[in-house]
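Note that the coordinates shown come from a computational prediction; the quantities given were computed from them, not determined experimentally. Labels below follow one simple rule: chain letters A, B, ... track the order of the sequence lines, proteins then strands, and each chain is numbered from 1.
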There are 2 protein chains.
Amino acid sequence: MNKPGREIKNLLYEQVARIGKAVSSPKRLELIEILCQGEKTVEELAAAAEISVKLASAHLKELKAARLVEARREGKNVAYRLVDTQVADLWVMLRALAEERLLELQAAMRELVSRPEELYAVGGKQLLAQAKRGEVLVLDVRPADEYEAAHLPYARSIPLAELKSRLDEIPTGKPVVAYCRGPFCLMAREAVDLLTRRGRRAVRMEVGVAEWRSQGLPLATGE
Amino acid sequence: MNKPGREIKNLLYEQVARIGKAVSSPKRLELIEILCQGEKTVEELAAAAEISVKLASAHLKELKAARLVEARREGKNVAYRLVDTQVADLWVMLRALAEERLLELQAAMRELVSRPEELYAVGGKQLLAQAKRGEVLVLDVRPADEYEAAHLPYARSIPLAELKSRLDEIPTGKPVVAYCRGPFCLMAREAVDLLTRRGRRAVRMEVGVAEWRSQGLPLATGE
DNA sequence: CGATTAATCTAATGATTGTTAGAATAATCG
DNA sequence: CGATTATTCTAACAATCATTAGATTAATCG
């Protein structure tokens with residue numbers, strides 16, 4: 001009853017579905033987003049995603065089976081990373097697709113941006129030019145190791161945890177554009193709240209390094 | 001114990017995971033690929049994917065819930081289509097990702113291309129130029145309605161089913177480049193087999209209209 | 001070497017899924 | 001109108017999945 005070629009076709013679609021399966025779990029997506037910022041150990045991943053180490057390990061195993069991440073032992077720890085930036089592009093694409101289509105997600109996003117004027121609206125290239133001319137201070141509030149792995153050009157690193165104690169490094173005159181891990185991350189929002197309370201002109205930018213890179217814009221690495 | 005913002009974060013990732021879920025089933029992926037060729041009824045989709053109408057309907061319901069497809073009643077039939085070309089881009093991306101990483105898929109693909117010289121190797125822009133100058137005959141072997149919905153520029157439509165009886169339309173001198181629904185489709189392969197047996201110089205091209213469009217290349221519509 | 005830390009494997013659970021069959025809608029045709 | 005065709009809904013099954021706890025492996029440190 002089956003046409004010839006059906007078995008091989010089934011096999012082909014099944015293989016692609018393995019990738020789909022890997023990105024069908026919220027926790028796995030969160031792990032991918034964290035790994036977009038750079039290499040992380042299982043412990044760090046579990047802490048960032050607020051799940052147990054066991055569960056993180058199980059999810060990472062699946063991501064590894066789908067060849068989206070790879071593991072590397074470093075002493076006592078096992079460090080995971082994305083196999084390449086195409087995986088980050090997939091995450092960006094899935095998020096954009098969901099954001100455009102799913103009303104529930106749009107509603108939740110609106111809660112993350114209480115006042116719309118808090119969001120930095122200009123495009124990547126324009127920001128780059130403004131930052132180069134020193135018209136704005138681009139602030140990376142992620143942990144220092146993520147800044148070192150990759151960050152926006154001209155961005156200054158002050159991790160959120162240190163921001164309060166390093167406030168004197170932020171000039172009061174210049175407008176500040178803060179960014180973090182991406183649209184779903186709350187760190188830049190908190191930073192902007194703190195900065196505006198302390199008399200700075202600060203806005204949040206939604207993009208993270210993954211979104212920035214998938215737009216074809218350049219990134220910097222190191223200190 | 002939970003940090004503030006955890007609930008909303010869970011909600012956000014869950015919404016994106018709905019898209020992932022939708023593309024985690026081989027049958028749903030096959031339906032998406034078929035819908036990349038144009039609008040289809042449930043019956044047509046079920047026949048093309050070689051599944052029951054009931055099962056097709058159930059899968060389409062899930063795709064609709066994830067807002068990847070939309071339905072439109074047309075008389076007795078319900079016609080489904082992709083909500084927009086971004087969904088086709090997602091399919092192309094997933095397939096490319098799987099093909100690069102999963103060895104099982106690479107092995108299966110090799111069976112589809114028994115002799116490597118059967119594959120047309122030049123890029124899209126170059127093919128376009130060759131076709132424009134009339135150096136090659138670009139042959140679309142998909143059903144006529146899919147050709148009408150969208151096809152490669154300068155392509156000639158001869159559905160696989162009619163190819164045998166319309167062989168006289170294919171010149172013996174000019175090289176033929178046949179394409180169908182994409183890398184997983186067997187129609188172009190069959191066409192090339194038939195044509196070479198009948199003394200034509202024919203090769204298969206892996207891309208379909210979805211791959212072509214996601215590369216930013218132009219398509220034509222209508223007769 | 002034994003103790004400690006980090007991560008994985010195994011087994012068990014309750015929940016979800018894919019698939020099928022049968023009943024129910026929705027539009028058309030005579 | 002009743003009969004037909006196309007599709008969806010409901011209920012049910014076995015199969016698969018996510019998650020947790022307990023045992024196990026791998027590397028380091030004293």
Atom pairs and distances, side-chain donor-acceptor, residues 209-216 of chain B, under 3.5 Å, sequence neighbours left out:
from	atom 1	to	atom 2	distance (Å)
B:Glu211	OE1	B:Gly208	N	2.9
B:Trp212	NE1	B:Pro218	O	2.7
B:Ser214	OG	B:Glu211	O	3.3

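Separating the CZ atom of B:Arg73 from the P atom of C:dA27 is a distance of 5 Å, rounded to the nearest angstrom. The CZ-P distance, from A:Arg28 to D:dT19, rounds to 8 Å in whole Å. Atom CG of B:Asn77 and atom C1' of C:dA26 are 12 Å apart (whole Å). One interatomic measurement links the two molecules: NZ of A:Lys64 to C1' of C:dC9, which rounds to 12 Å at whole-angstrom precision. Between the CG atom of A:Leu55 and the P atom of D:dT20 there is a distance of 6 Å, rounded to whole Å. With rounding to whole Å, B:Leu31 atom CG is found 12 Å from C:dG18 atom P. Taking atom CD of residue B:Glu14 and atom C1' of nucleotide C:dT16, one finds them 14 Å apart after rounding to whole Å. What separates NZ of B:Lys61 from P of C:dG18 is a distance of 12 Å, to the nearest Å.
Which of C:dT19, D:dT16, D:dT19 sits closest to the side chain of A:Lys27 comes down to D:dT19.
Distances shorter than 4.0 Å separate some side-chain N or O of A:Tyr80 from OP1 or OP2 on C:dT8. Distances shorter than 4.0 Å separate none of the side-chain N or O atoms of B:His59 from OP1 or OP2 on C:dT17. Side-chain nitrogen and oxygen atoms of B:Ser57 include at least one within less than 4.0 Å of the OP1 or OP2 phosphate oxygen of D:dT8.
Map A:Gly75 and B:Val42 each onto its nearest nucleotide of DNA chain D; the residue landing nearer the 5' end is B:Val42. Map A:Glu74 and A:Ser52 each onto its nearest nucleotide of DNA chain D; the residue landing nearer the 5' end is A:Ser52. Comparing A:Ala71 and A:Lys76, the nucleotide of DNA chain C nearest to each residue sits closer to the 5' end for A:Lys76.
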Check against side chain to side chain contact (heavy atoms under 4.5 Å, CB included), B:Lys40 and B:Leu35: CA-CA 7 Å; B:Lys40 297 271 172 185; B:Leu35 288 171; 4.1 Å; yes
Chi angles and distances behind the side chain to side chain donor-acceptor pair (under 3.5 Å) call for B:Asn10, B:Arg6: CA-CA 6 Å; B:Asn10 285 343; B:Arg6 180 36 59 184; 3.0 Å; yes
Steps toward side chain to side chain donor-acceptor pair (under 3.5 Å) verdict (A:Glu100, A:Gln106): CA-CA 8 Å; A:Glu100 270 183 47; A:Gln106 286 168 20; over 6 Å; no
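Evaluation of atom-type donor-acceptor distances gives no pair under 3.5 Å for the side chain of B:Lys54 against the base of C:dG18.
Residue-level contact check: A:Glu62 touches the backbone only, with heavy atoms under 4.0 Å from sugar-phosphate atoms and none from bases.
With respect to B:Arg81 and B:Glu70, a salt bridge is recorded, a charged nitrogen being found less than 4.0 Å from a carboxylate O.
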